[in-house]
Amino acid sequence: MASTIVLISGGNRGIGLEIVRALLESNTTSDGTPYHVYLGSRDLQRGKDVAAKLPVAHGNTVTAIQLDITSPQSVNNAVTTVEAESGRLDVLINNAGVNYENIADEAIKMSTLYDINVIGPSRVTDAFKPVLLTQPAERKKEKRIIHVTSSMGSIGSRLDPKFEYYHEKYTPYRCTKAALGMLTACHAYDFKDDGVKIHAFDPGWVATEFGGGDPEVNRKLGAIDPRVPGLACRDVVEGKRDNEANLIVSINGDTFPW
Ligand SMILES: NC(=O)c1ccc[n+]([C@@H]2O[C@H](COP(=O)([O-])OP(=O)(O)OC[C@H]3O[C@@H](n4cnc5c(N)ncnc54)[C@H](OP(=O)(O)O)[C@@H]3O)[C@@H](O)[C@H]2O)c1
């Protein structure tokens with residue numbers, strides 16, 4: 001029986017890496033087959049180095065793949081590689097995302113972040129659509145798209161003084177993740193007749209290098225270990241959150257308002 005083929009963008013560090021790690025430890029794919037994970041990395045050598053050190057179990061496998069989500073050429077090359085090696089894709093995880101603090105001009109920051117956080121996942125999803133819709137001859141596979149978003153993009157929470165990030169500004173970042181919410185809803189519509197399950201996934205506040213942050217400093221301030229969203233995202237991949245498809249699922253087992 002064919003493996004479950006997963007591709008993740010930004011798999012070389014942070015939350016993406018922990019999602020990969022969680023999948024490679026698993027023996028609980030929704031159809032009992034091992035995973036083959038394509039670990040997307042802008043820097044291929046860095047991706048290969050990271051992949052080589054990951055423990056694998058239960059017949060799961062991993063290979064690094066060069067993937068810059070702002071580059072149509074890079075994305076198309078990744079599609080060609082996945083198609084040639086695996087014949088199809090079963091789970092696409094659009095995880096790569098940024099929040100650059102060092103861009104002073106708000107309009108330039110907005111445009112830069114949109115390019116990566118919104119146009120990137122849109123480009124990647126469109127390019128992988130044909131391989132995502134390809135089924136193996138032996139048995140139909142569950143097909144999924146997961147967009148890694150943020151509660152900071154919740155329009156419903158922005159004006160709620162009780163929301164824990166009410167006083168954080170981050171307007172361009174918030175706008176990109178709000179737009180990613182609409183992309184999620186549009187993908188839910190676009191793929192509804194193809195049986196592809198769509199989720200937006202909010203990892204919580206996580207101790208990574210995101211936004212140039214220091215993971216250890218943020219950890220002391222309350223950021224969680226990236227292993228937590230890694231395992232929670234695996235639950236989405238393994239069908240444990242299927243009753244919350246077309247929603248933002250949080251790590252706490254509930255959903256978040258758009
Ligand atoms: N950390 C948090 O508290 C938090 C909270 C809510 C949501 N999120 C979301 O979670 C996701 C992952 O964040 P993280 O905390 O793991 O951040 P991170 O540690 O900074 O990792 C970001 C990843 O995205 C990759 N990336 C950046 N630009 C890319 C591009 N153009 N093409 C392909 N990959 C690119 C990076 O690759 P390089 O190594 O090459 O730079 C890296 O692998 C993001 O979508 C973020 O918005 C994070």
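The first residue in the sequence is number 1, and the count goes up from there.
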(message) Do Val91 and Leu23 make a side-chain contact, defined as non-hydrogen atoms from C-beta onward lying under 4.5 Å apart?
(response) no
(request) Nearest 0.5 Å please: distance from the CG atom of Leu44 over to the CZ atom of Arg42. (result) 13.5 Å
(request) Enter the distance from Leu54:CG to Asp49:CG here, rounded to the nearest 0.5 Å. (result) 11.0 Å
(message) Whether the side chain of Thr125 engages the backbone of Pro121 through a donor-acceptor N/O pair (distance < 3.5 Å, no angle test) should be reported.
(response) yes
(request) Mark yes or no for whether Asn94, through its side chain, and His147, through its backbone, hold a donor-acceptor pair below 3.5 Å. (result) no
(request) Without swapping roles, check the side chain of His199 against the backbone of Val236 for a donor-acceptor pair under 3.5 Å. (result) no
(request) Applying side-chain contact (heavy atoms from CB on, under 4.5 Å), run through Arg144 and Ile198 and close with a yes or a no. (result) CA-CA 6 Å; Arg144 298 174 188 283; Ile198 315 286; over 6 Å; no
(message) Hydrophobic clustering (ILVMFWY, side-chain heavy atoms < 4.5 Å, transitive) - are Val124 and Ile8 grouped together?
(response) no
(message) With a 3.5 Å distance limit and no angle check, can you tell me whether Asn95 reaches the backbone of Gly10 through a side-chain donor-acceptor pair?
(response) yes
(message) Measuring only between side-chain heavy atoms, which start at C-beta, is Arg227 closer than 4.5 Å to Glu18?
(response) yes
(message) Does atom CG (Leu221) have a neighbourhood of more than 12 heavy atoms from anything else shown, all under 6.0 Å?
(response) yes
(request) Check the pair Phe163 / Ser151 against side-chain contact (heavy atoms from CB on, under 4.5 Å), numbers first and verdict last. (result) CA-CA 10 Å; Phe163 178 48; Ser151 59; 3.7 Å; yes
(message) Side-chain heavy atoms nearer than 4.5 Å, only ILVMFWY residues, links allowed to pass through others: does that put Ile145 and Val237 together?
(response) no
(request) Mind running side-chain hydrogen bond (donor to acceptor under 3.5 Å, both in side chains) on Tyr38 and Ser86 for me, showing each step along the way? (result) CA-CA 10 Å; Tyr38 285 101; Ser86 301; 2.7 Å; yes
(request) State whether the side chain of Asn218 and the backbone N or O of Gly213 hold a donor-acceptor pair below 3.5 Å, judged by distance alone. (result) no
(request) Step by step, work out the side-chain hydrogen bond (donor to acceptor under 3.5 Å, both in side chains) result for Ser3 and Thr33. (result) CA-CA 5 Å; Ser3 300; Thr33 59; over 6 Å; no
(message) With a 3.5 Å distance limit and no angle check, can you tell me whether Asn252 reaches the backbone of Asp254 through a side-chain donor-acceptor pair?
(response) no
(request) For residues Ile146 and Cys233, determine if any side-chain heavy atom of one lies less than 4.5 Å from a side-chain heavy atom of the other. (result) yes
(message) Donor-acceptor pair, distance only, cut-off 3.5 Å: does the side chain of Ser9 make one with the backbone of Ala96?
(response) yes
(message) Apply the hydrophobic cluster definition, ILVMFWY joined by side-chain contacts under 4.5 Å directly or through others, and give me every member besides Leu180.
(response) Leu183
Name the atoms and distances for all side-chain donor-acceptor pairs under 3.5 Å in residues 68-75, with sequence neighbours left out.
from, atom 1, to, atom 2, distance (Å)
Asp68, OD1, Thr70, N, 2.9
Asp68, OD1, Thr70, OG1, 2.7
Ser71, OG, Gln73, N, 3.4
Ser71, OG, Ser74, N, 3.0
Gln73, NE2, Asn77, OD1, 3.1
Ser74, OG, Gln66, OE1, 2.8
Ser74, OG, Asp68, N, 2.8

(request) Looking only at non-hydrogen atoms, find the nearest pair between Ala22 and Gly230 and report the distance. (result) CB-O, 3.6 Å
(request) Please identify each residue that fulfils salt bridge (charged side-chain N to carboxylate O under 4.0 Å, His left out) with Arg234, with sequence neighbours left out. (result) none
(message) With a 4.5 Å cut-off on side-chain heavy atoms, are Thr184 and Trp258 touching?
(response) yes
(request) Decide yes or no for Val56 and Thr61: does some side-chain heavy atom of the first lie under 4.5 Å from some side-chain heavy atom of the second? (result) no
(message) Going by the rule side chain to side chain donor-acceptor pair (under 3.5 Å), which residues pair with Glu168 if we only count those two or more places apart in sequence or in a different chain?
(response) none
(message) Holding to side chain to side chain contact (heavy atoms under 4.5 Å, CB included), I want the full list of residues that pass it with Ile251, two or more places apart in sequence or in another chain.
(response) Phe201, Ile224, Val228, Pro229, Ala232
(request) Using the rule that two of Ile, Leu, Val, Met, Phe, Trp, Tyr join whenever any of their side-chain heavy atoms come within less than 4.5 Å, decide whether Val6 and Leu89 are in one cluster. (result) no
Considering only distance and modelled atom types, tabulate donor-acceptor pairs under 3.5 Å from the side chains of residues 189-197, sequence neighbours left out.
from, atom 1, to, atom 2, distance (Å)
Lys197, NZ, Glu142, OE1, 3.0

(message) Quick one: does any side-chain atom of Lys48 pair with a main-chain N or O of Ile65 as donor and acceptor, under 3.5 Å?
(response) no
(message) Please enumerate all residues that pass salt bridge (charged side-chain N to carboxylate O under 4.0 Å, His left out) together with Lys240, with sequence neighbours excluded.
(response) Asp235, Glu238
(message) Please give me the minimum heavy-atom distance between Ala207 and Ala223, naming the atom from each residue.
(response) N-CB, 3.6 Å
(message) Just to verify, what does Arg46 make a side chain to side chain contact (heavy atoms under 4.5 Å, CB included) with, not counting sequence neighbours?
(response) Asn12, Arg13, Ser41, Asp43
(message) Name the residue from Tyr165, Tyr100, Tyr114, Phe210 that meets the ring-ring contact (aromatic ring centres under 6.0 Å, His included) definition with Tyr173.
(response) Phe210
(request) Answer yes if Met110 and Leu113 sit in the same cluster of Ile, Leu, Val, Met, Phe, Trp and Tyr residues linked by side chain heavy atoms under 4.5 Å apart, and no otherwise. (result) no
(request) Could I get the full list of salt bridge (charged side-chain N to carboxylate O under 4.0 Å, His left out) partners for Glu85, not counting sequence neighbours? (result) none
(message) Given 3.5 Å as the limit, does a donor-acceptor pair link the side chain of Arg174 with the main chain of Lys169, or not?
(response) yes
(request) Check whether any side-chain heavy atom of Val37 lies under 4.5 Å from a side-chain heavy atom of Asn60, and answer yes or no. (result) no
(request) Using a 4.5 Å cut-off on heavy atoms from C-beta on, say whether the side chain of Val118 contacts that of Met182. (result) no
(request) Dump the intermediate steps for side-chain contact (heavy atoms from CB on, under 4.5 Å) on Ser157 and Tyr166, then the final yes or no. (result) CA-CA 8 Å; Ser157 305; Tyr166 180 66; over 6 Å; no
(request) State, yes or no, whether a side-chain contact exists between Pro215 and Thr208 at a heavy-atom distance under 4.5 Å. (result) no
(request) Can you run down the salt bridge (charged side-chain N to carboxylate O under 4.0 Å, His left out) pairs that involve residues 90-100, sequence neighbours left out, and say none if there aren't any? (result) Arg88-Asp90, Asp90-Lys143
(request) Indicate the atoms forming the closest heavy-atom contact of Ser150 with Asp202, along with that distance. (result) CA-OD1, 3.8 Å
(message) Using the salt bridge (charged side-chain N to carboxylate O under 4.0 Å, His left out) criterion, which residues pair with Lys109? Sequence neighbours excluded.
(response) none
(request) May I ask whether Ile15 and Trp205 are part of the same hydrophobic cluster, defined by side-chain heavy atoms of I, L, V, M, F, W, Y residues being less than 4.5 angstrom apart, directly or through others? (result) no
(request) Might you point out which heavy atoms bring Thr149 and Ala200 nearest each other, and give the distance in Å? (result) CG2-CB, 3.8 Å
(message) For Arg219 versus Pro226, what's the shortest heavy-atom pair and its separation?
(response) NH2-CD, 4.5 Å
(request) Tell me yes or no: between the side chains of Thr63 and His36, is some donor less than 3.5 Å from an acceptor? (result) yes
For a quick test of your reading: what N or O donor-acceptor pairs under 3.5 Å do the side chains of residues 126-136 make, sequence neighbours left out?
from, atom 1, to, atom 2, distance (Å)
Thr134, OG1, Pro130, O, 2.8
Gln135, OE1, Lys141, N, 2.6
Gln135, NE2, Lys141, O, 3.1

(message) For Tyr170 versus Met152, what's the shortest heavy-atom pair and its separation?
(response) CD1-CE, 3.0 Å
